[in-house]
2 protein chains.
Amino acid sequence: MDAQEPPVFLRKNRRYAETNRRVTIMDVARAAGCSHTTVSLSLNDSPLITEATRRRVREKAKALKYTPNRVARSLRLARSQTIGIVAGSGPDQSRAGLLRYLGTTLLQKKFRPFLSSSLITRQDEWECFGEFLEDRVDGIIALVSDRVERYEASARQVNCPVVFALGVHQSDDRADYVTVDREEGAYQGAAHLLALGHRKIAFPYRPCDLLFHPPKLRGYQRALREFGVVDVERHLFPYPVEMDWTKSGYDFGEKFLSLADRPSAVFTSDVRFAMGFIRRLRKAGVGVPGDVAVVAYGSGRDTDWMEVPITTVEFPLKVIAEKAAEILIRRIQGEPSGDSQMTLGHELAIRDSCGAKAAREGSRPNLDLAGAATS
Amino acid sequence: MDAQEPPVFLRKNRRYAETNRRVTIMDVARAAGCSHTTVSLSLNDSPLITEATRRRVREKAKALKYTPNRVARSLRLARSQTIGIVAGSGPDQSRAGLLRYLGTTLLQKKFRPFLSSSLITRQDEWECFGEFLEDRVDGIIALVSDRVERYEASARQVNCPVVFALGVHQSDDRADYVTVDREEGAYQGAAHLLALGHRKIAFPYRPCDLLFHPPKLRGYQRALREFGVVDVERHLFPYPVEMDWTKSGYDFGEKFLSLADRPSAVFTSDVRFAMGFIRRLRKAGVGVPGDVAVVAYGSGRDTDWMEVPITTVEFPLKVIAEKAAEILIRRIQGEPSGDSQMTLGHELAIRDSCGAKAAREGSRPNLDLAGAATS
DNA sequence: ATGAAAGCGCTAACAT
DNA sequence: ATGTTAGCGCTTTCAT
């Protein structure tokens with residue numbers, strides 16, 4: 001209760017001092033009549049500090065509206081409690097959902113998610129990745145549409161942990177990742193249509209989608225083969241690359257209608273594409289699922305209140321987010337890594353567009369209650 | 001070309017040194033045989049440095065894969081070249097568009113946009129705002145759904161420039177902002193329907209939307225009065241608060257259909273709401289715009305390829321983004337402020353849902369005009 | 001229980 | 001033209 005004097009060791013410097021000065025730990029120390037060390041320890045709840053001191057410091061800090069400077073703290077600790085999230089611009093609904101889950105999970109674990117600016121601009125994923133590395137984020141979760149090697153190598157160099165989510169990986173990948181088996185997912189989607197009796201199933205694809213397309217194509221073809229379809233190449237349709245997926249689908253609908261040998265079903269890898277497609281068909285009086293059945297790959301939750309709720313093969317987004325966060329944080333803490341490469345399955349969400357509901361209407365009881373004790 | 005020795009003044013410290021060390025300016029200095037000052041000056045293109053030196057330093061830096069530590073730099077400069085963007089979770093399409101424009105504009109001006117985590121989580125806008133303040137961003141662009149005073153006050157305290165975008169402001173506001181005249185916008189939307197002959201125009205609203213609703217209501221009512229409608233309260237409909245706006249609209253459609261005194265048009269403040277509404281009506285065989293005309297407040301670009309492209313009253317998003325960025329950056333640079341409070345107008349985007357196109361092409365919407373002489 | 005001092009990596013004033 | 005030094009605000013070791 002005496003030292004109103006600054007602890008002597010602050011001979012202020014010339015210039016920066018007056019520039020926009022905000023309250024620092026020093027100001028609090030002065031006000032509380034103690035050293036800045038004591039303030040720091042108090043504010044961080046060190047057991048070394050008396051309860052009385054701690055309270056006094058806290059009060060003063062509050063009175064002065066002191067807020068710790070995160071930048072200084074980060075520099076000193078070489079830790080920022082910040083996670084970078086790289087996601088290319090305009091992620092579809094699935095990825096938007098994934099981002100939300102990621103944000104929530106990370107926040108719970110006291111890390112702050114920091115979104116790449118590529119999410120809102122057309123800036124390059126690679127560039128954003130590099131920026132995060134410079135920013136000294138503690139770790140990165142990357143949803144990239146390239147092969148991962150380049151990213152992995154660059155992050156390894158500076159020792160920054162990265163977990164890839166929803167990427168495409170190879171068996172010899174050293175990277176940490178959580179992804180889905182796209183081949184299996186496409187297989188499920190196509191198989192569902194096949195099981196409903198369809199044999200001519202169109203598979204429109206984006207010719208430029210070099211990374212994600214091949215596994216889906218394989219899944220689709222495998223399903224066809226297993227169901228005894230001979231010419232598995234017959235209904236493949238590349239479609240023009242448009243910014244607007246809905247329009248792409250709409251335009252494809254136009255083309256589809258003019259087909260001589262019109263398929264009875266369509267399996268597409270984008271929900272918005274499916275929406276546009278269905279729109280065009282209905283405009284021509286062609287019904288979905290009545291005349292043409294549709295299954296899409298992706299999240300269809302948003303279609304529940306739309307023209308035709310779309311049956312989809314969905315990612316387990318929440319699990320992916322949680323696992324990715326978990327793996328990343330383990331790496332950051334330097335804990336033994338456990339399983340850090342995961343490939344998950346999909347979930348078939350049956351809505352209206354495939355026609356399964358209509359076909360099944362009332363005919364079958366729900367058999368999923370296997371072990372339920374119904375008393 | 002001699003000093004292979006470190007300039008002597010680096011007696012390494014005990015602990016942090018070995019933790020995850022990344023290449024620093026010191027390492028480059030050592031490699032290039034000069035002081036770290038020279039490295040810094042070279043890398044920042046100071047005219048004080050010889051071209052030869054600069055090149056040598058740059059080469060070494062590259063060889064060592066040196067990247068400057070932004071954290072240290074920020075601490076030293078008390079500047080981070082970073083702008084925080086606060087936007088509540090799940091912004092609608094309009095705001096999503098605004099964010100994209102903001103990102104692009106800021107990036108062009110060499111600032112890095114940093115999205116609030118509230119964008120992807122349900123975290124509080126206010127909390128995110130506070131975090132940005134602690135993060136020492138150079139400035140903030142805030143899209144908040146509260147009154148702005150609290151934010152303004154808090155930012156002023158720490159001398160952090162803030163520009164509010166799309167907020168609701170009062171005439172005595174001291175804050176910098178770029179916003180729209182919602183009353184005028186709603187007036188335009190309602191007037192458009194009135195001009196098409198409609199007199200019974202439903203105006204569903206979200207009861208909890210305390211900040212943005214009143215001006216829109218005023219605009220709607222003013223339009224009605226100007227067109228001689230007497231009972232301007234008659235078609236106001238509060239609707240239950242739902243997470244899912246499309247569902248809200250769908251449910252409202254249900255209610256609307258059961259109305260004894262059914263309006264011939266609807267003016268709503270959300271596009272997704274309009275989509276759900278239209279969906280429900282069409283399901284019941286009620287056509288839009290044939291039987292009911294619809295105008296929404298917000299961005300309708302995404303509806304172009306949908307069931308019924310929706311006529312909307314739109315924000316001038318690009319202008320808003322550019323102006324907001326401009327004002328903010330001027331504040332950061334400490335330049336004379338110029339005009340830093342702007343209220344912009346809307347743009348009526350006529351699509352299909354209002355029936356104006358159909359009307360122009362000869363066919364008339366089915367109006368239920370009070371005393372109109374329908375031929 | 002508290003204070004002194006060091007130092008994270010950088011920029012810039014000042015000295016040479 | 002380049003090097004020395006201080007210090008941004010913080011945490012932590014060490015000494016008292």
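Atom set for the values below is all heavy atoms of this structure, side chains included, hydrogens, waters and symmetry mates excluded. Just so it is clear, the structure is predicted and the values come from calculations on it, not from any experiment. Chain letters run A, B, ... following the sequence lines, proteins first, then strands; residues in each count from 1.
Note on A/Leu75: a base of the nucleic acid sits closer than 4.0 angstrom, heavy atoms only. Nucleic acid contact class of A/Ser74 (heavy atoms, under 4.0 Å, all strands): none. Base contact: A/Thr37 has a heavy atom under 4.0 Å from a base atom.
Judged by atom type and distance alone, B/Ser40 does not reach the base of C/dA12 through any side-chain donor-acceptor pair under 3.5 Å. Within 3.5 Å, no donor on the side chain of B/His36 pairs with an acceptor on the base of D/dT4, nor the reverse.
The distance from atom CZ of B/Arg73 to atom P of C/dC10 is 10 Å, rounded to the nearest whole Å. The distance between atom CD1 of B/Ile25 and atom P of C/dG7, rounded to the nearest whole Å, is 18 Å. Nucleotide D/dT2 holds its P atom 10 Å from the CZ atom of B/Arg54, rounded to whole Å. Atom CG in A/Asp138 sits roughly 15 Å away from atom C1' in C/dC8 (whole-Å rounding). Note: CG (B/Leu77) to C1' (C/dC8) measures 16 Å, nearest angstrom. Between B/Met26 atom CE and C/dC8 atom P there is a gap of 8 Å when expressed in whole angstrom units. When the C1' atom of D/dT12 is taken as reference, atom CG of A/Leu41 falls 8 Å away, rounded to whole Å. Computed from coordinates, the B/Leu43 CG to C/dC10 C1' distance equals 12 Å when rounded to whole Å.
A/Ser80 is listed as a side-chain neighbour of A/Asp138, based on a closest heavy-atom distance under 4.5 Å.
Phosphate contact (OP1/OP2 of D/dA1, side-chain N/O of B/Thr50, threshold under 4.0 Å): absent. The side chain of A/Arg76 places no N or O atom within less than 4.0 Å of a non-bridging phosphate oxygen (OP1 or OP2) of D/dT12. Residue B/Ser35 places at least one side-chain N or O under 4.0 Å from the OP1 or OP2 atom of D/dG3. The side chain of A/Asn44 contributes an N or O atom lying less than 4.0 Å from OP1 or OP2 of D/dT11.
With respect to the salt-bridge test (charged N to carboxylate O, under 4.0 angstrom), the residues A/Lys62 and A/Glu59 do not qualify. For the pair A/Lys60 and A/Asp27, the salt-bridge criterion is not met [side-chain N within less than 4.0 Å of a carboxylate O].
Taking CG of A/Leu102 as the reference point, atom CZ of A/Phe111 lies at 13.5 Å (rounded to 0.5 Å). Between atom CD of residue B/Gln81 and atom OG of residue B/Ser74 there is a gap of 9.0 Å, rounded to the nearest 0.5 Å.
Projected onto DNA chain C by closest heavy-atom contact, B/Leu48 and B/Val71 fall at different nucleotides, the more 5' of which corresponds to B/Val71.
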